[in-house]
Amino acid sequence: KAGVTQTPRYLIKTRGQQVTLSCSPISGHRSVSWYQQTPGQGLQFLFEYFSETQRNKGNFPGRFSGRQFSNSRSEMNVSTLELGDSALYLCASSPYGHEQFFGPGTRLTVL
Amino acid sequence: DQQVKQNSPSLSVQEGRISILNCDYTNSMFDYFLWYKKYPAEGPTFLISISSIKDKNEDGRFTVFLNKSAKHLSLHIVPSQPGDSAVYFCAASGTAGGSYIPTFGRGTSLIVHP
């Protein structure tokens, strides 16, 4: 089975712009979660989608949003980018249960 | 407030010796615990897990111990190998509405010297 894929792998944006990141989960996995990783902060949970519905949401401002399509692919959008949004954004998919399978991440740099 | 804490940001070990990575949690609702390993430029990969009904789980060179009363778990790697050098994340989850979203610690960077 192919693993979780994320595009693009690297992205440079300027403050005020918006960005859309894409994630394709492992075939058959219906749950897709997004995390933000910054130095020294570990993985901060953004949100989880299951069957096209947001099932859980972390403590992030409304500038961060996402969606899931009928084929389980997911997108994450960040509007009005701030310097502090520079991070590695990780997508993970899960069939059912505790274990999550992560993609390689998208490295976002905001200048 | 951090619900999962990895108090050692880094750990250095000699090849062949034991590596012990520690993790503490505060939420009593957590009933499943996982360790992930992360290499640079890659996403985290699942390593080993343990349910709260057990106190030990072993998989090859990796053993996870859980002390529920102390809300503490540890990952033992024996013997340590240079390829084990990576960042290790501890994660904890509980069943909430059918979702198992884990809470992660900030990670411990393990360096195994040849």
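Since we're looking at a predicted model, the values are computed, not measured. Both backbone and side-chain heavy atoms feed into the values below; hydrogens, waters and symmetry mates do not. Numbers restart at 1 for each chain; the letters A, B, ... are given by sequence-line order, proteins then strands.
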For this session: State, with a plain yes or no, whether a side-chain heavy atom of Gln18(A) is found less than 4.5 Å away from one of Val78(A).
Result: no

Seminar exercise, completed: In terms of heavy-atom contacts, Val4(A) and Phe102(A) come closest through CB-C, 4.0 Å

Seminar exercise, completed: Counting heavy-atom pairs under 4.5 Å with chain A, the top scorer among Gly105(B), Pro44(B), Gly43(B) is Pro44(B)

Exercise. Does any donor atom in the side chain of Tyr39(B) or Lys37(B) lie under 3.5 Å from an acceptor atom in the other side chain?
Worked result: yes

Exercise. If we only count heavy atoms from C-beta on, is the Arg30(A) to Pro95(A) side-chain gap below 4.5 Å?
Worked result: no

Exercise. Counting a contact as any heavy-atom pair under 4.5 Å apart, which residues of residues 47-86 of chain B contact chain A?
Worked result: none

Exercise. Is a salt bridge present between Arg63(A) and Glu82(A), judged by a nitrogen-to-oxygen distance below 4.0 Å?
Worked result: yes

Exercise. Will you find, in the side chains of Ser94(A) and Glu99(A), an N or O donor that is under 3.5 Å from an N or O acceptor?
Worked result: no

Exercise. Strictly by modelled atom types, are Ser22(A) and Arg73(A) linked by a side-chain donor-acceptor pair under 3.5 Å?
Worked result: yes

For this session: Name, in order of residue number, those residues of residues 9-33 of chain B that have a heavy atom at a distance of less than 4.5 Å from a heavy atom in chain A; otherwise write 'none'.
Result: Asp31(B), Tyr32(B)

Seminar exercise, completed: One should read off an interatomic distance between Phe104(B) CZ and Phe89(B) CZ, to the nearest 0.5 angstrom, of 8.0 Å

Exercise. For Gln44(A), is it the side chain, the backbone, both, or neither that has a heavy atom closer than 4.5 Å to a heavy atom of chain B?
Worked result: neither

Exercise. How long is the span from the CG atom in Leu90(A) to the CD atom in Glu42(B), to the nearest 0.5 Å?
Worked result: 11.5 Å

Seminar exercise, completed: Applying a strict 4.5 Å limit to non-hydrogen atoms, the region of Tyr35(A) in contact with chain B is side chain

Seminar exercise, completed: Most contact-rich option vs chain B, by heavy-atom pairs under 4.5 angstrom, among Gln41(A), Arg9(A), Gln6(A), is Gln41(A)

Exercise. Under 4.5 Å between any side-chain heavy atoms of Arg55(A) and Tyr49(A), yes or no?
Worked result: no

Seminar exercise, completed: OG1 (Thr38(A)) and OH (Tyr89(A)) are apart, to the nearest 0.5 Å, by 8.5 Å

